[in-house]
Amino acid sequence: MVPGGARVEHVPGVERVWRFDDIDSTNTFARTLAPVPPSGMLVVTTRRQRAGRGQRGNAFYSDSENGLWLSVVVRPESLGQHFAINRALALGACDVCGDGARIKWPNDIYIGERKAGGILLETSEADAGCIVAGIGLNVNSGPEEFPKDVRTIATSLLMEQGARRDIEAVLCGVVSAFERWRHESEALAHARYERRLMGIGRQAVIGEWSGEYRGVGSDGRAVIAREGEARYFWSGPLRFCATDNGR
Ligand code: BTN
């Protein structure tokens, strides 16, 4: 907690908070929660995760007290707002990370060419109308802390900015910015999202298709164009080509 500072319990929109020292996965726990109020959100956070989960069934390293491990449960007007929730959480994380933070579609937060965080959206098991939005953000981690297989591609706010951050303050910042972006107009939120997107104009590959990455539509689909043909993708991964003049 920030000495004399804010706690997430007091952030507008937060209905209830679960805090753990140690849990397998905040998303796994959050998926069991019900009932979820129509407005507002439930918040689950922990000091460390023993079995953090990432995209495509991958493990997400979070067995550390140096990160933000957070899940929020919200009840959108429809499950069609899946992308809008992902976008609001990514924008909230970027606001807290600073000007250099970028969104690598569909779920990653980058600073420079390295990943500082990731997002995992899932449906609730307890309440079919709810979405669980989880985010992991490396805050005070040093390079030696990351598992060897991600050491060359992972970073943290400390490594990029040289200053330790109070994790409760980061938590409050992400949750309050998420709440603001979630209620922002579609046009403004998407314009800001596009400005935060990493790699527009670069050569990229999704699946078997490669070409120029044109960005992401307001429905959440990424666009890759080649020789006058644009193709649209609901899911990644998106990979940038190494032969792209180092950009
Ligand atoms: C990814 O980069 O593949 C997504 C990572 C999502 C990690 C967060 S940490 C909090 C929440 N609980 C989990 O088990 N996963 C998400």
Side-chain angles (χ1 to χ4, degrees), residues 8 14 17-33 36 41-74 82-83 85-94 96-97 101-111 113-126 130-141 145-147 149-157 167-168 170-175 177-178 196-198 206 220 222 234-240:
V8 75
V14 172
V17 180
W18 283 260
R19 291 178 182 272
F20 294 92
D21 285 332
D22 188 344
I23 195 175
D24 52 356
S25 154
T26 55
N27 261 38
T28 302
F29 178 81
R31 293 182 78 195
T32 67
L33 296 176
V36 178
M41 66 183 124
L42 308 179
V43 169
V44 182
T45 188
T46 185
R47 287 181 191 277
R48 55 201 313 151
Q49 283 188 134
R50 276 177 282 109
R53 296 187 292 105
Q55 292 293 320
R56 296 177 288 281
N58 291 326
F60 180 80
Y61 173 74
S62 37
D63 194 0
S64 155
E65 295 194 2
N66 285 326
L68 170 70
W69 322 125
L70 161 71
S71 300
V72 294
V73 191
V74 291
H82 192 275
F83 172 66
I85 288 168
N86 180 319
R87 180 176 63 199
L89 190 54
L91 286 173
C94 285
V96 170
C97 292
R102 290 288 172 273
I103 299 160
K104 180 165 178 285
W105 179 89
N107 296 99
D108 293 336
I109 308 298
Y110 267 61
I111 304 180
E113 291 290 319
R114 289 177 178 231
K115 175 167 165 170
I119 291 174
L120 177 66
L121 256 64
E122 299 181 297
T123 48
S124 165
E125 283 170 352
C130 289
I131 290 178
V132 174
I135 181 163
L137 196 58
N138 304 320
V139 179
N140 295 325
S141 338
E145 218 179 279
F146 299 120
D149 56 328
V150 297
R151 209 166 278 173
T152 55
I153 52 167
T155 194
S156 69
L157 297 187
I167 292 183
E168 184 72 23
V170 172
L171 169 64
C172 290
V174 170
V175 170
F178 167 69
R196 286 282 195 184
L197 279 177
M198 176 182 178
I206 300 178
W234 287 111
S235 60
L238 165 73
R239 297 185 208 286
F240 295 117

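First listed ligand is number 1; within each ligand, the first listed atom is number 1. Just so you know, these numbers use all the heavy atoms, side chains as well, and skip hydrogens, waters and symmetry mates.
Between Y61 and V150 the shortest side-chain heavy-atom distance does not fall below 4.5 Å. Residues C97 and L157 are in side-chain contact: their nearest non-hydrogen atoms beyond the backbone lie under 4.5 Å apart. Taking 4.5 Å as the limit, every side-chain heavy atom of I103 sits out of range of all side-chain heavy atoms of R87.
Ligand 1 places these atoms under 4.0 Å from at least one heavy atom of G54: 1 (C), 3 (O), 4 (C), 5 (C). Near G136, meaning under 4.0 Å from any of its heavy atoms, are these atoms of ligand 1: 7 (C), 8 (C), 9 (S). Every atom of ligand 1 is numbered from 1 in the order shown, and the set under 4.0 Å from a heavy atom of G118 is 2 (O), 4 (C), 5 (C), 6 (C). Every atom of ligand 1 is numbered from 1 in the order shown, and the set under 4.0 Å from a heavy atom of R53 is 5 (C), 6 (C), 7 (C), 13 (C), 14 (O), 15 (N), 16 (C).
Close to ligand 1: I135, with a non-hydrogen atom less than 4.0 angstrom away. Between R56 and ligand 1 there is no heavy-atom distance shorter than 4.0 Å. Ligand 1 does not have N107 within reach: every non-hydrogen atom of the residue lies 4.0 Å or more from it.
No donor-acceptor distance shorter than 3.5 angstrom exists from the side chain of E113 to the backbone of I153, with no hydrogens or angles considered. Between the side chain of N107 and the backbone N or O of L120 there is no donor-acceptor pair closer than 3.5 Å.
Looking at N58 against ligand 1, nothing comes within 4.0 Å, counting heavy atoms. Contact annotation for S71 and ligand 1: only side-chain heavy atoms (C-beta onward) come within less than 4.0 Å of the ligand.
Salt-bridge annotation for D63 and R48: present, with a side-chain N of the basic residue lying under 4.0 Å from a carboxylate O of the acidic one.
Inspection of the T26 and S71 side chains reveals an N or O donor paired with an N or O acceptor under 3.5 Å.
The protein atom (non-hydrogen) at minimum distance from atom 2 (O) of ligand 1 is K115 NZ, 2.5 Å. From the protein, the heavy atom lying nearest to atom 9 (S) of ligand 1 is Q49 NE2, 3.4 Å.
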